[in-house]
Number of protein chains: 2
Amino acid sequence: MKGIRQLADHLDISIGTVSRALNGKADVNPQTRKRVLEAAEKLGYVANQSGRSLRKGSTGVIGFMMQTGPEITGQGDTFFMSVFDGVQTVLARHDLDLVALLCSSSEDPDAYLQRTVARGFADAIILSATRRNDARFELLERHKIPFISLGRSLTDVGQPWIDLDFEGMAEAAMERFILAGHKDIGVIWPHGDLNLGYLFIERCRSILAANGIRLREENVFRAKPSEAGGYAVAKEIAARPSRPSAIALVNETLVTGLYKGLEDAGIQPGRDIAIVGRHSPHTQFLSPSLTGFSLSLHELGIALAETLLSVMPAYRQSYGDLRRRIWPMVMIEGGSG
Amino acid sequence: MKGIRQLADHLDISIGTVSRALNGKADVNPQTRKRVLEAAEKLGYVANQSGRSLRKGSTGVIGFMMQTGPEITGQGDTFFMSVFDGVQTVLARHDLDLVALLCSSSEDPDAYLQRTVARGFADAIILSATRRNDARFELLERHKIPFISLGRSLTDVGQPWIDLDFEGMAEAAMERFILAGHKDIGVIWPHGDLNLGYLFIERCRSILAANGIRLREENVFRAKPSEAGGYAVAKEIAARPSRPSAIALVNETLVTGLYKGLEDAGIQPGRDIAIVGRHSPHTQFLSPSLTGFSLSLHELGIALAETLLSVMPAYRQSYGDLRRRIWPMVMIEGGSG
DNA sequence: ATAGTTTCCGTAAACGTTTACGGTCGTTGC
DNA sequence: GCAACGACCGTAAACGTTTACGGAAACTAT
């Protein structure tokens, strides 16, 4: 089945009527509509995307931009797959499709985004891996394409965002450490320019300061957001003449490597060093069990989708004024700290 | 910058010339081409995707279909992100973009694919999570859209594929077990209808049979491809009056849960039960270290891209006749079996 | 100087839709 | 019996590109 032309010829009616029938417009005889629908189904006709979006000016696809490569910046990828699933449950109700816009690790994210939005590929976009200063925000604002971000940035063009409560996490972790009597506290700061790292570190620093404790610079460990990164930090800690008695981290992939590295050095998590981190499917079987923060990724996805729709003119009225949300996480107590 | 029309008016030349200049056609004055290119750059003009692909009949995008949801079917975690990165290094050379076509776990994969290909969304498609019998193959064949698959299927329409060497893995694992004197051997078969499970199990069975050992049915454990799935298998094993002395598995996400579950039951991997599995970033810090199979995901991605291009008419001549490949994995000896 | 050739550029058609507009026919209201 | 109206459908323009075609210069060869 080539196009609407063939379908119309086959039914011996005009393409206008066929189009109207297919799109559920009002002024078409119920009976002819039925004929059209059945024929389309039988012949497997689906409207060509290019023609349709050329005419309508919209594509019906929502893009979720993410970076590829062996090190997922900031999150693991079961993370995204679960979030996507939540996003789609909402989008499907509006006949919108979600695709992942994959930016190669060897390409500049800003240039990539520039290219794909100028091409008119997606009607709206969800950004992830937001950086401290993120030029993508201004780019999308300039192009007037609706978007939201998973994560805040210092760059602010007024768009809504949802961000995990890294600051609340920092507070809870630090207070827990302080209450337990720790004086020498360390923090792992994932490599890269992701804003979440800054948010976390700065809040840790201020909470400690408020309690008369100084976060010493040598206790701020930079690490790649991967198992190997966590392992490297453990080695570094082990090599210190004096090591922190507690450590907090924000990236869920680091923690397994960290555990292993510490154990290899004879340092037992929970006994010799307290650890507070993030939960993921990979952390559930650590021993001692991890004290960490957890959230429902599916629900996060739903919230992202709803927030995005709230900034899309065509859907704005159905969804209220969802602006910015700090997404809460719950702490699950374990034996690690 | 709206369209080519505005750009042409701004330069005071015709849109035809602008288009030719932009697309690197021969008959355009080098000087005007320079002018056009510079103006396009300055004004941020990029050709509209819908108009372009409507006219050309091709979109310049390659789709990689995958399922979303908390359980990545068949592969874990950073697997796909690394593969994508490899794919993109090749595609970028041809100005092709890769997007992930995300099929929600609540949607039928066949229907999803039907919809997206009929819409003319992508020029070519890479399929993953291939099932034992996979109707998607016939669908794409019928629509005459170039595609390959990561994984074989009983359904065969002649398209190229690349598949990990699960059978070689089965052979190596079984022979290793046999050589070590194991008589009671178990296998973990991931849930679902993925073909790789069948390939693995059947080859295990035949190798054992050739050595006079019968794979007992109660030693074939079905498990979800997740950490929790591995843990559940361990519990099941532990509950047995007599348990297998060796176990092989094909999914890399299972193994951490399996380790943990066994240890919780006082069964030590490597000492009380031999384990052979798959390597991934998450398995690198297990102790005892895993005896498992490993591969370069980046190179796999490159191979996938080249194979796909070899079935696309526009690129066929640049890439030879890449047909079907069993992708080798290397075994890394560890302490687990 | 003329014919032939090359270089460059403009014109217009085509790709597959959607939709504003207008037209036909039958029905209703007076 | 006529006007007004509603229900339905066909026509054609428009969306932003690419590209086949032809034509106007400028250049070359005779």
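Not measured: the values here are computed from a predicted model. So that the names make sense, note that chain A is the first sequence line, chain B the second, and so on, each numbered from 1.
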Taking CD1 from A:I15 and C1' from C:dT18, how many angstroms apart are they, rounded to a whole number? 9 Å

Do B:D27 side-chain and C:dC9 base share a donor-acceptor contact under 3.5 Å? yes

The answer to which of A:R52 and B:S14 contacts DNA chain C further toward the 5' end, by nearest nucleotide, is B:S14

Rounded interatomic separation in angstrom, taking CG from A:D12 and P from D:dG10: 9 Å

Sugar-phosphate, base or nothing in reach of A:S19, heavy atoms under 4.0 Å: base

Could you pull out all residues at least two apart from B:E299 that satisfy salt bridge (Lys or Arg N to Asp or Glu O under 4.0 Å)? none

Can you find a pair of side-chain heavy atoms, one from B:L98 and one from A:T68, that are under 4.5 Å apart? no

Is the shortest side-chain N/O distance from B:K25 to OP1 or OP2 of D:dT18 below 4.0 Å? no

Rounded distance in Å - CD1 (B:I4) to C1' (D:dT19): 11 Å

Below 4.5 Å, heavy atoms only, C-beta onward: do B:D110 and B:L139 meet side chain to side chain? no

Rounded to whole angstroms, how far apart are CD on A:Q6 and C1' on C:dT17? 13 Å

Using the C1' atoms of five pairs at each end, what's the angle between the two axes of the helix from C:dA1-D:dT30 to C:dC30-D:dG1, to 10 degrees? 40°

Look at the side-chain N and O atoms of A:Y45 and state whether any lies under 4.0 Å from the OP1 or OP2 oxygen of C:dT17. yes

A:R5 CZ - C:dA14 P separation (whole Å): 13 Å

Nearest-Å distance, CZ (A:R33) to P (D:dC8)? 10 Å

Atom-to-atom span, CG of A:L54 to P of D:dT18 - whole angstrom: 12 Å

Indicate every side-chain donor-acceptor pair of residues 117-124 of chain A with a distance under 3.5 Å to a residue at least two apart or in another chain.
residue, atom, partner, partner atom, Å
A:R119, NE, B:Q49, OE1, 3.2
A:R119, NH1, B:D97, OD2, 2.9
A:R119, NH2, B:Q49, OE1, 3.2
A:D123, OD1, A:T59, N, 2.6
A:D123, OD1, A:T59, OG1, 3.0
A:D123, OD2, A:T59, N, 3.1
A:D123, OD2, A:G60, N, 2.7

Report yes if the side chains of A:R152 and A:R324 come closer than 4.5 Å at any heavy-atom pair, otherwise no. no

A:N195 and A:T130: side chain to side chain donor-acceptor pair (under 3.5 Å), yes or no, with the steps? CA-CA 6 Å; A:N195 196 34; A:T130 54; 5.7 Å; no

Could you say whether B:G51 or B:G16 is positioned toward the 5' end of DNA chain D, judged by the nucleotide with the nearest heavy atom to each? B:G51

Short side-chain N/O contact from A:T32 to OP1 or OP2 of D:dC9, under 4.0 Å: yes

Hey, are the side chains of B:I13 and B:R35 touching, using non-hydrogen atoms and a 4.5 Å cut-off? yes

Rounding to an integer number of Å, can you tell me how far B:R55 CZ sits from C:dA14 C1'? 5 Å

Flag the pair B:Y45 / B:H10 as yes when their ring centroid distance falls below 6.0 Å, and as no otherwise. no

Indicate whether OP1 or OP2 belonging to D:dC9 is found under 4.0 Å from a side-chain N or O atom of A:T17. no

Would you say the base of C:dG10 and the side-chain of B:R20 have a donor-acceptor pair closer than 3.5 Å? yes

Selected nucleotide, minimal atom distance to B:V28 side chain, candidates C:dT18, C:dC9, D:dG10: C:dC9

Nearest nucleotide by nearest heavy atom, which residue falls closer to the 5' end of DNA chain C, A:N23 or B:K56? B:K56

